[in-house]
2 protein chains.
Amino acid sequence: MVLEVLADHGELRFTRLSELVGGISQKMLTQTLRHMERDGLLVRTVFPVVPPKVQYRLTGLGLSLGSAFCGVWVWAAENLRQVEQARQVFDGKAA
Amino acid sequence: MVLEVLADHGELRFTRLSELVGGISQKMLTQTLRHMERDGLLVRTVFPVVPPKVQYRLTGLGLSLGSAFCGVWVWAAENLRQVEQARQVFDGKAA
DNA sequence: CATCATAGTCTCCTTTTGGTAAGTATAGAA
DNA sequence: TTCTATACTTACCAAAAGGAGACTATGATG
């Protein structure tokens, strides 16, 4: 999700990022961003102002991983219905 | 992993599958296979013999998901080194 | 008669995950 | 003087994940 949102919006601050990702706690978002920074997927720019300001932007590596995931996102969009149907059939059989 | 192994080998029995996937407990493999069956990603064929014989094979849907993931696998193979380097830099900075 | 093989299931237990809520720093606004 | 905004961190807690190992059925084999 972070990969997708940042690929779409370019550069974002923490709060905006959490709004766009949605359904994620502060803790998890912080943790995810730190891991991604550690992996070299994004850069974190801290502005030493009050209140704090921190911006996140994907690196080339991060962008390329986003592209690699595109195939999966497209697959999901195209096949979600089919998976849901398969589940109904399966659950019907089980019951 | 299951997706990859089954895409490579076509049709496999439980024990062989667990060997090829590696590092997975019986419990997790069973669970994973059931979920994938439920989602319509693979078909499970039970032969009513003793000892039991069960074969697993990807469906078209499963194969297509495997293909979709190819981009990620390729990315990982190509960029693993870069990620490792980024981690060393990051951890060095932190320490 | 005892053993083996296969594909599980079941129980128990530990580890991991991830949420909530509270705390932090400090400049500027009301 | 008190409140607000921002980007966290920390402590605590409940739920979920997932491993280990025992158990199951039963026909074939030694």
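The chains referred to below are lettered A, B, ... by the order of the sequence lines, with proteins before strands, and numbering in each begins at 1.
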- [ ] Could you state the atom-to-atom distance from CE of Met28(A) to C1' of dT10(D) in whole Å?
- [x] 16 Å
Open item on the list: Judged by each residue's nearest nucleotide on DNA chain C, which is more toward the 5′ side, Tyr56(B) or Pro51(A)?
Closed with: Tyr56(B)
Task: Nearest-neighbour nucleotide for the Val50(A) side chain, dA7(D), dT26(D), dT26(C) considered - done: dT26(C)
Task: Cluster companions of Phe47(B) among Ile, Leu, Val, Met, Phe, Trp, Tyr (side-chain spacing under 4.5 Å) - done: Val49(B)
TODO: Specify the residue among Pro52(A) and Ile24(A) whose closest nucleotide of DNA chain C lies further upstream toward the 5′ end.
DONE: Ile24(A)
Task: Plane angle bin for Tyr56(A) and Phe14(A) - parallel if under 30°, tilted between 30 and 60°, otherwise perpendicular - done: tilted
Task: Shortest non-hydrogen contact from Leu61(A) toward Ser64(A) - done: O-OG, 2.7 Å
Open item on the list: Using side-chain heavy atoms (C-beta onward) and a distance below 4.5 Å, is Arg87(A) in contact with Asp39(B)?
Closed with: yes
Open item on the list: I want to verify a distance call: between dG19(C), dT6(C), dC12(C), whose nearest atom is closest to the Lys27(B) side chain?
Closed with: dC12(C)
- [ ] Could you tell me whether the phosphate oxygens of dA7(C), OP1 or OP2, come under 4.0 Å of any side-chain nitrogen or oxygen in Arg13(B)?
- [x] yes
Task: Of the listed nucleotides dC8(D), dA7(C), dT9(C), the one nearest the side chain of Thr15(B) - done: dA7(C)
Task: Residue Arg44(B), side-chain heavy atoms: nucleotide from dG8(C), dT9(D), dG19(D) that is nearest - done: dG8(C)
Open item on the list: Rounded to whole Å, please give me the gap between CD in Gln26(A) and P in dC12(D).
Closed with: 19 Å
